[in-house]
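Start at 1 and go down the list; that is how both ligands and their atoms are numbered. Given the structure is predicted, the values throughout are model-derived calculations rather than measurements.
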Amino acid sequence: MTAALLDGRAIATRIEASIRTEVETLRTVVGRVPRLVVVLVGDNAASASYVKSKAAAAARVGVDAEVVPMPASASTAELVALVTSIAADERGPADGILVQLPLPGHVDAQAVLDAVPPDRDVDGFHPENAGLLSQGRPRFVPCTAAGVQRMLLDADVETAGRRVVIVGRSDIVGKPLALLLTNKGPGGDATVTICHSRSSDLPAITREADILVAAAGRPRLITAAMVKPGATVIDVGINRVDGRLVGDVDFDGVRGVAGRISPVPGGVGPLTVAMLLANTVLAAELRLGRR
Ligand code: NAD
């Protein structure tokens with residue numbers, strides 16, 4: 001068997017087209033487009049490249065994006081003050097505010113993220129948005145988790161009643177994805193297991209998955225022997241190995257066993273960016289009382 005490819009770029013292109021229409025409608029009806037402000041701290045090359053792709057995608061759909069660079073030496077207090085001033089619209093109305101992670105080690109990242117008001121929290125990391133998701137009434141869903149669900153919906157992968165195994169329990173990917181897929185409704189109703197670095201006999205658990213999501217940040221952690229034949233395998237991982245981007249899945253090996261597989265790059269990454277744009281438009285529409 002050779003798994004069918006889940007083409008994140010193609011899905012993201014379609015999503016961007018519909019977002020562009022929504023942005024144009026806002027421009028016509030309320031006279032302004034949604035605005036996203038991204039805070040980028042320090043000179044981490046990967047973060048700079050993610051921010052660049054977010055800004056480029058925003059430009060493609062007509063969302064006004066501003067990147068505010070801060071030196072790596074910025075303190076927690078300075079970053080909290082910056083986010084607070086952005087939230088006070090001192091630089092123009094900011095519908096969405098995003099602080100690119102990771103922050104330098106000396107910064108209290110939670111304090112900075114908590115300074116983002118929940119109604120501008122387009123990354124969906126604020127406790128209020130996490131709480132709404134866990135209660136099954138999501139508002140801003142973390143973009144990568146939303147992107148994985150969108151990929152499954154787009155490919156008509158049934159989730160209701162299916163066994164999903166997520167490898168990774170982070171607050172930004174694994175946990176919100178588990179909630180999304182267990183909640184009621186389309187793209188949900190799954191039976192979800194979350195694995196992590198302390199899980200024992202990982203292969204025995206992953207082999208039970210109809211849908212296997214790898215979000216551990218460990219290059220080629222998931223091998224063919226860990227995959228049930230015909231399963232859908234979604235690779236969230238982004239790892240740099242010898243100058244190349246690879247996922248958490250041994251793509252060449254797993255492709256021979258799985259039914260569907262997402263590549264790295266070109267899988268979940270573009271969908272994460274598309275979901276950020278969708279959240280930014282949602283934030284603007286909520287602020288304008290249009291939703
Ligand atoms: P994280 O480091 O916060 O969490 C990793 C999780 O994996 C932890 O819960 C840990 O317990 C688990 N883990 C680590 N090693 C394991 C092992 N050997 N067996 C089982 N579990 C193990 O990472 P994160 O922020 O959730 O990101 C995970 C990966 O996804 C990274 O590679 C990151 O770069 C990538 N990522 C991609 C996108 C995207 O848009 N495609 C977005 C966010 C993160």
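- Atom numbering of ligand 1 starts at 1 in the shown order; those under 4.0 Å from a heavy atom of G168 are 6 (C), 7 (O), 9 (O), 12 (C).
- Nearest to atom 36 (N) of ligand 1 among the protein's heavy atoms is V236 O, 3.7 Å.
- Between the side chain of D121 and the backbone N or O of H126, at least one donor-acceptor pair lies under 3.5 Å.
- Atom-to-atom distance recorded for R287:CZ and R120:CZ is 4.0 Å, nearest 0.5 angstrom.
- Between the side chain of H106 and the main chain of T76, no donor-acceptor pair closer than 3.5 Å is present.
- Within a 6.0 Å sphere centred on CZ of R255, heavy atoms belonging to other residues, nucleotides or ligands number more than 12.
- Close contacts between ligand 1 and T272 involve ligand atoms 39 (C), 40 (O) [criterion: under 4.0 Å to a heavy atom].
- At distances below 3.5 Å, not a single donor-acceptor pair connects side-chain atoms of N279 with backbone N or O atoms of G124.
- Atom 27 (O) of ligand 1 has its closest protein heavy atom at V173 CG2, 4.4 Å.
- Of all the listed residues (P219, P265, S197, G217), G217 holds the heavy atom that lies closest to atom 31 (C) of ligand 1.
- With V273, I222, V264, L221 as candidates, the residue nearest to atom 17 (C) of ligand 1 on a non-hydrogen basis is L221.
- For atom 33 (C) of ligand 1, the closest non-hydrogen atom on the protein side is I238 N, 4.1 Å.
- G269 counts as a contact of ligand 1, since one of its heavy atoms falls under 4.0 Å from the ligand.
- The heavy-atom pair separating L181 from G187 by the smallest distance is CD2-O, 3.3 Å.
- Distance check on atom 2 (O) of ligand 1: every protein heavy atom falls at or beyond the 4.0 Å cut-off.
- Salt bridge D95/R32: present, at least one basic N to carboxylate O contact under 4.0 Å.
- Side chain of D210 to main chain of R162: no donor-acceptor pair is present (N/O by atom type, distance under 3.5 Å, no hydrogens or angles).
- Among all non-hydrogen protein atoms, the one lying nearest atom 26 (O) of ligand 1 is S170 OG, 2.5 Å.
- Distance from atom 8 (C) of ligand 1 to its nearest protein heavy atom, with residue and atom name: R169 N, 4.0 Å.
- Under 4.0 Å from ligand 1, the heavy atoms of V167 that appear belong solely to its side chain.
- Applying the 4.0 Å criterion to heavy atoms of N239 picks out, from ligand 1, the atoms 32 (O).
- The nearest protein atom to atom 20 (C) of ligand 1, hydrogens excluded, is given as H196 O, 3.2 Å; this is a heavy-atom distance.
- Evaluated by nearest non-hydrogen atom to atom 25 (O) of ligand 1, the leading choice among I194, V213, I234, I172 is I172.
- I86 and L286 are assigned to two separate hydrophobic clusters, defined by single-linkage of ILVMFWY side chains at heavy-atom distances under 4.5 Å.
- Nearest to atom 42 (C) of ligand 1 among the protein's heavy atoms is T144 OG1, 3.1 Å.
- The only option from L6, I234, V213, V164 that meets the side chain to side chain contact (heavy atoms under 4.5 Å, CB included) definition with L152 turns out to be I234.
- Here atom 19 (N) of ligand 1 lies nearest to L202 when heavy atoms of D248, V148, L202 are compared.
- Under a cut-off of 6.0 angstrom, the local environment of CZ in R291 is crowded, with over 12 non-hydrogen atoms contributed by other residues, nucleotides or ligands.
- Considering A216, G147, G267, G237 only, the shortest heavy-atom separation from atom 13 (N) of ligand 1 involves A216.
- In terms of protein heavy-atom proximity, atom 28 (C) of ligand 1 is nearest to A215 O, 3.5 Å.
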From CA spacing to verdict: side chain to side chain contact (heavy atoms under 4.5 Å, CB included), R290, T25: CA-CA 11 Å; R290 291 174 56 82; T25 304; 3.9 Å; yes

